[in-house]
Trainee: 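Mind having a look at this structure? Questions to follow.
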Amino acid sequence: MFRKRSYSLIVVGLLFVMTMALLLYGSRLFTNIEEEAHMTQENRIVVGVSQLGSESGWRTANTESVQNAFTRHNGYFLIYNNARQKQENQLKAIRSFISQRVDYIIFSPVVETGWETVLQEAKQAGIPVILMDRNVDVEDESLYVTCVGSDFEEEGEKAGRWLERELVRQRRSSQSVNIVILTGTEGSSSQIGRSAGFAAVADRHANWNILEEKCAEFTSTKGKEVMKTFLKRYPDIDVVVSQNDDMTFGAIEAIEESGRTVGVDGDIIILSFDAVRGALDMVADGVINVDIECNPNQGEYLLRVIDMLEAGEKVEKKYYVEEDIFTIDNVTQELLQERTY
Ligand code: AHR
């Protein structure tokens with residue numbers, strides 16, 4: 001009886017010691033994880049990125065470029081948010097970055113207006129804001145530190161100047177030319193800049209008739225829809241200017257379904273913007289006449305800007321990414337193989 005009791009006491013004792021050991025180990029384990037998580041945030045630069053959406057191949061490439069730049073390996077902790085084309089979602093994301101006290105806010109504004117209040121809030125919280133891809137229209141430029149992106153007006157002018165040269169080459173420079181324009185998201189920097197740049201060249205040519213400009217929201221589905229209405233309304237279109245490749249894909253489908261032909265050997269001249277891989281294939285095949293590049297690889301530029309800010313250096317208000325212009329004459333197999341997007 002006594003023996004039995006003492007055995008039970010030993011077993012209970014052992015169980016007690018083991019439980020205590022486990023609790024102790026567990027609590028140390030949790031402390032380590034917490035400490036590590038804390039250290040992770042402490043040692044890294046925390047960046048909140050609000051991407052405007054995923055409407056195009058270009059946008060996907062832009063997102064990948066940012067995600068590949070702000071990695072743990074490079075010393076960053078990235079908080080990423082996709083606003084799905086809605087300004088209200090971007091405003092929410094930026095406010096949540098402010099309440100999380102991130103070190104930097106990067107965002108690609110879906111449209112140019114409507115940002116003053118939230119940018120004031122970021123400024124008051126002492127968080128530097130960097131614009132990516134597109135710009136904002138604010139009176140007080142101190143509300144953001146810098147903008148990394150394209151010169152959209154120059155892109156539009158490049159398109160116009162290419163058309164001038166092409167019409168001379170085709171000996172049509174004094175003939176009447178009917179043009180339709182598919183525009184991107186209304187009020188976005190890319191739409192505003194490309195429209196203004198192309199219009200500046202078109203204004204110099206009384207024989208260029210802009211039949212209509214219509215928004216197709218930078219998407220392929222809308223591009224096809226809008227092009228169909230253009231084709232019904234205007235039987236004599238000579239030139240299509242489409243402000244991004246995705247809209248161009250849709251527009252070309254609509255044109256071909258209508259029985260008309262496009263490109264170098266076709267009867268409608270196609271001007272596109274972005275120069276994503278799929279579109280460059282079509283340039284090489286003579287389906288798209290010219291593609292004005294818009295460079296989505298902005299992650300590296302943004303890294304450099306933050307490095308400079310961390311080093312206390314002064315940064316410029318605007319950094320333009322490098323961009324080219326592609327026709328059947330300079331799209332090589334090598335270029336196509338190198339294109340990652
Ligand atoms: O702002 C850049 C534009 O946005 C790209 O041309 C387009 O594809 C994207 O959606």
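Order of listing sets the numbers, starting from 1, for every ligand and every atom in it.
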Trainee: Between K222 and E225, does any NZ, NE, NH1 or NH2 come within less than 4.0 Å of an OD or OE carboxylate oxygen?
Mentor: yes

Trainee: In terms of residue, atom name and distance, what is the protein heavy atom nearest to atom 5 (C) of ligand 1?
Mentor: D274 OD1, 3.4 Å

Trainee: Tell me which one of D133, V276, T185 gets a heavy atom nearest to atom 2 (C) of ligand 1.
Mentor: D133

Trainee: Which part of F152 is near ligand 1, with near meaning a heavy atom under 4.0 Å away: side chain, backbone, both or neither?
Mentor: side chain

Trainee: Can you check whether S56 has an N/O within less than 3.5 Å of an N/O in ligand 1?
Mentor: yes

Trainee: Could you go step by step and tell me if F273 and E155 meet the side-chain contact (heavy atoms from CB on, under 4.5 Å) rule?
Mentor: CA-CA 8 Å; F273 291 81; E155 287 178 1; 4.0 Å; yes

Trainee: Using a strict cut-off of less than 4.0 Å between a Lys/Arg side-chain nitrogen and an Asp/Glu carboxylate oxygen, indicate whether R339 and E293 qualify as a salt bridge.
Mentor: yes

Trainee: As an exercise, identify every atom of ligand 1 less than 4.0 angstrom from a heavy atom of E55.
Mentor: 4 (O), 9 (C), 10 (O)

Trainee: Under 4.0 Å, heavy atoms only, figure out whether ligand 1 is touched by the backbone of R194, its side chain, both or neither.
Mentor: side chain

Trainee: Going by atom types alone, do N62 and Q51 pair a side-chain donor with an acceptor below 3.5 Å?
Mentor: yes

Trainee: Taking distance alone, with no angle check, do D246 and ligand 1 share an N/O pair under 3.5 Å?
Mentor: no

Trainee: Would you please determine whether Q85 falls within less than 4.0 Å of ligand 1 on a heavy-atom basis?
Mentor: no

Trainee: For the residue pair Y234 and F230, categorise the inter-ring angle as parallel (less than 30°), tilted (30 to 60°) or perpendicular (more than 60°).
Mentor: tilted

Trainee: Does the distance from a Lys or Arg side-chain N to an Asp or Glu carboxylate O, for E141 and K317, drop under 4.0 Å?
Mentor: no

